[in-house]
Visitor: 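Sharing a structure here in structure tokens format.
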Amino acid sequence: MEEKTINIMDLVMLAWRRIWILILAAVICAVAVFSYCKFLVTPAYSATASIIATNGAVTVYNDKSTVSASDLSASLYLAETVIDILKTPDIYKDVADQLGKDYNYQNLMGRATVARRGEDTLFIDVTFSSTDPKEAMRIANKFVEISCEYIPEYIPHSRAKVASTAIKASKTYPRTVMSTGVAGVVGAVAAYVVLFIIESTNRAIKGEEDFANNFDVPLLGAVPDFENVDSIAYRKKKGRGGYGSGY
């Protein structure tokens, strides 16, 4: 018996013959993940507020008609220091105290992200996550409010202002639509892999064509399937002379 080679058409035909199994597997996995994301998972939201910090020469209230390149460079360089300051525990302690006894600074630090909006910008974005979108906005806005008072204490002559407050919170987890789509694809692929393994390990001869493809010997005849003699497929095959043609 020769080793049977597998080509692309074989794979496509296998998928086509079992298309409903693949669709069913995809639907089951997609529905399962959608239900999990929609009804069992606690969603998470994030809200972002921004500040702008400078060395004092570059501010929105600057009376100068122009800003020198050295002042701008100094302010850009200062932004990295400001980020480090906004990651120190003290400011989170102040925020926790003002928010109330239900908050502690360790928890706030774990829910915060502080980063520059870009390498060549003075804007610093502060993002807080929460299971409540309103809470995420409240914490973010309180943090940037305190930051504007906190930064000049560390860096004399520097200035900081709130550039934008959080007016909405975005859902960050779970990604229901994306997760549902991925689950559907994974379900279909997994079902196909199982079908392929079953097909590859099945050594039974399925008919004359399968016999001819697997054995390099002439086919003398075919024994009819008497158990399925009344089947529609058998009657069609008999009408074409498919069964007993070698006898």
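Throughout, numbering of the chain's residues begins at 1 and tracks the sequence.
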Visitor: Nearest heavy-atom pair of Pro152 and Cys148: which atoms, and what distance?
Guide: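 Answer, listing the atom of Pro152 first, then Cys148: CD-O, 3.2 Å.
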Visitor: Heavy atoms only: give me the nearest Ala47-Ala166 pair and the separation to one decimal.
Guide: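 Heavy atoms of Ala47 and Ala166 come nearest at CB-CB, 3.9 Å.
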Visitor: Taking Val193 as the starting point, is it possible to reach Val185 by hopping between hydrophobic residues whose side chains are less than 4.5 Å apart?
Guide: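 Val185 and Val193: one cluster.
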Visitor: Between Phe34 and Phe39, how do the two ring planes meet: parallel, tilted or perpendicular, split at 30° and 60°?
Guide: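 Phe34 and Phe39: perpendicular rings.
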Visitor: How long is the gap from OG1 on Thr54 to NE2 on His157, to the nearest 0.5 Å?
Guide: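 One finds 12.5 Å between OG1 of Thr54 and NE2 of His157.
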Visitor: Taking the side chain as everything from C-beta on, heavy atoms only, tell me whether Thr180 gets closer than 4.5 Å to Cys37.
Guide: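 No, their side chains stay 4.5 Å or more apart.
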Visitor: May I ask you to test the Leu11-Phe196 pair for a side-chain heavy-atom distance under 4.5 Å?
Guide: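 Counting from C-beta outward, Leu11 and Phe196 do come under 4.5 Å.
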Visitor: Out of curiosity, Lys161 NZ to Ile151 CD1, how far, rounded to the nearest 0.5 Å?
Guide: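 These two atoms lie 12.5 Å from each other.
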Visitor: Roughly how far apart are Ser147 OG and Leu86 CG, rounded to 0.5 Å?
Guide: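 So the OG of Ser147 and the CG of Leu86 are separated by 4.5 Å.
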Visitor: Please enumerate all residues that pass side chain to side chain donor-acceptor pair (under 3.5 Å) together with Thr176, with sequence neighbours excluded.
Guide: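 None.
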Visitor: Tell me whether Lys171 at atom NZ has more than 12 heavy atoms from other residues, nucleotides or ligands lying less than 6.0 Å away.
Guide: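 Yes.
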Visitor: Could you report the tightest heavy-atom contact between Gly187 and Ala25, atom names first, then the distance?
Guide: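 Heavy atoms only, the tightest pair is O-CB, 3.6 Å.
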Visitor: With a 4.5 Å heavy-atom cut-off, do Met9 and Met13 have their side chains touching?
Guide: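 Side chain of Met9 against side chain of Met13, heavy atoms only: contact under 4.5 Å found.
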Visitor: Say you draw a straight line from CD1 of Ile83 to CG of Leu78; how long is it, rounded to the nearest 0.5 Å?
Guide: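 It comes to 10.0 Å.
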Visitor: Mark yes or no for whether Ser75, through its side chain, and Asn55, through its backbone, hold a donor-acceptor pair below 3.5 Å.
Guide: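 Yes.
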Visitor: Decide side chain to side chain contact (heavy atoms under 4.5 Å, CB included) for Leu195 and Leu22; before the verdict, give the C-alpha distance in whole Å, the side-chain angles of both, and the deciding distance to 0.1 Å.
Guide: CA-CA 9 Å; Leu195 290 173; Leu22 302 183; 3.9 Å; yes
Visitor: Given Ile91 and Tyr154, is the side chain to side chain contact (heavy atoms under 4.5 Å, CB included) satisfied, shown in steps?
Guide: CA-CA 11 Å; Ile91 187 171; Tyr154 268 81; over 6 Å; no
Visitor: How about Val162 and Asn141: do any of their side-chain heavy atoms sit closer than 4.5 Å?
Guide: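 Not in contact.
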Visitor: Answer with yes or no whether the hydrophobic clustering places Ile139 together with Tyr150; edges join I, L, V, M, F, W, Y residues whose side-chain heavy atoms lie under 4.5 Å apart.
Guide: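 Hydrophobic grouping puts Ile139 with Tyr150.
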Visitor: For a 4.5 angstrom cut-off between non-hydrogen side-chain atoms, does Tyr105 reach Asp90?
Guide: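 No; the side chains remain at least 4.5 Å from each other.
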Visitor: With rounding to the nearest 0.5 angstrom, report the CD1 to CD1 distance, Ile52 to Ile124.
Guide: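 Spacing of CD1 (Ile52) from CD1 (Ile124) equals 9.0 Å.
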Visitor: Would a hydrophobic clustering, with Ile, Leu, Val, Met, Phe, Trp and Tyr connected at side-chain separations under 4.5 Å, put Val31 with Trp20?
Guide: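 Same cluster: Val31 reaches Trp20 through Ile, Leu, Val, Met, Phe, Trp or Tyr contacts under 4.5 Å.
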Visitor: Are any of the side-chain heavy atoms of Val95 and Phe128 separated by less than 4.5 Å?
Guide: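 No, every pair of side-chain atoms sits at 4.5 Å or beyond.
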Visitor: Return the minimal non-hydrogen interatomic distance between Thr172 and Arg175, and the atom names on each side.
Guide: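 Reported closest heavy-atom pair: O-NE, 3.5 Å.
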Visitor: Can you establish whether the number of heavy atoms outside Ile167 located under 6.0 Å from its atom CD1 is more than 12?
Guide: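 12 or below, so no.
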Visitor: Side-chain heavy atoms nearer than 4.5 Å, only ILVMFWY residues, links allowed to pass through others: does that put Val186 and Met178 together?
Guide: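 In one cluster with Val186: Met178, yes.
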Visitor: Determine all donor-acceptor pairs shorter than 3.5 Å in which one atom belongs to a side chain in residues 107-118; sequence neighbours excluded.
Guide:
residue, atom, partner, partner atom, Å
Asn107, OD1, Arg111, NH1, 2.7
Arg111, NE, Ser129, O, 2.9
Arg111, NH2, Ser129, O, 3.3
Arg111, NH2, Glu135, OE1, 3.2
Arg116, NE, Gly118, O, 3.4
Arg116, NE, Thr121, O, 3.4
Arg116, NH1, Glu80, OE2, 3.1
Arg116, NH2, Glu119, O, 2.4
Arg116, NH2, Thr121, O, 3.0
Arg117, NE, Asp125, OD1, 3.3
Arg117, NE, Asp125, OD2, 3.3
Arg117, NH2, Ser50, OG, 2.8
Arg117, NH2, Asp125, OD1, 3.0

Visitor: Could you measure the distance from the CD atom of Glu199 to the OH atom of Tyr192? Nearest 0.5 Å is fine.
Guide: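 If we round to the nearest 0.5 Å, Glu199:CD and Tyr192:OH are 9.5 Å apart.
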Visitor: Do Tyr45 and Tyr173 share a hydrophobic cluster (ILVMFWY, side-chain heavy atoms under 4.5 Å, transitive)?
Guide: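 Tyr45 does not cluster with Tyr173.
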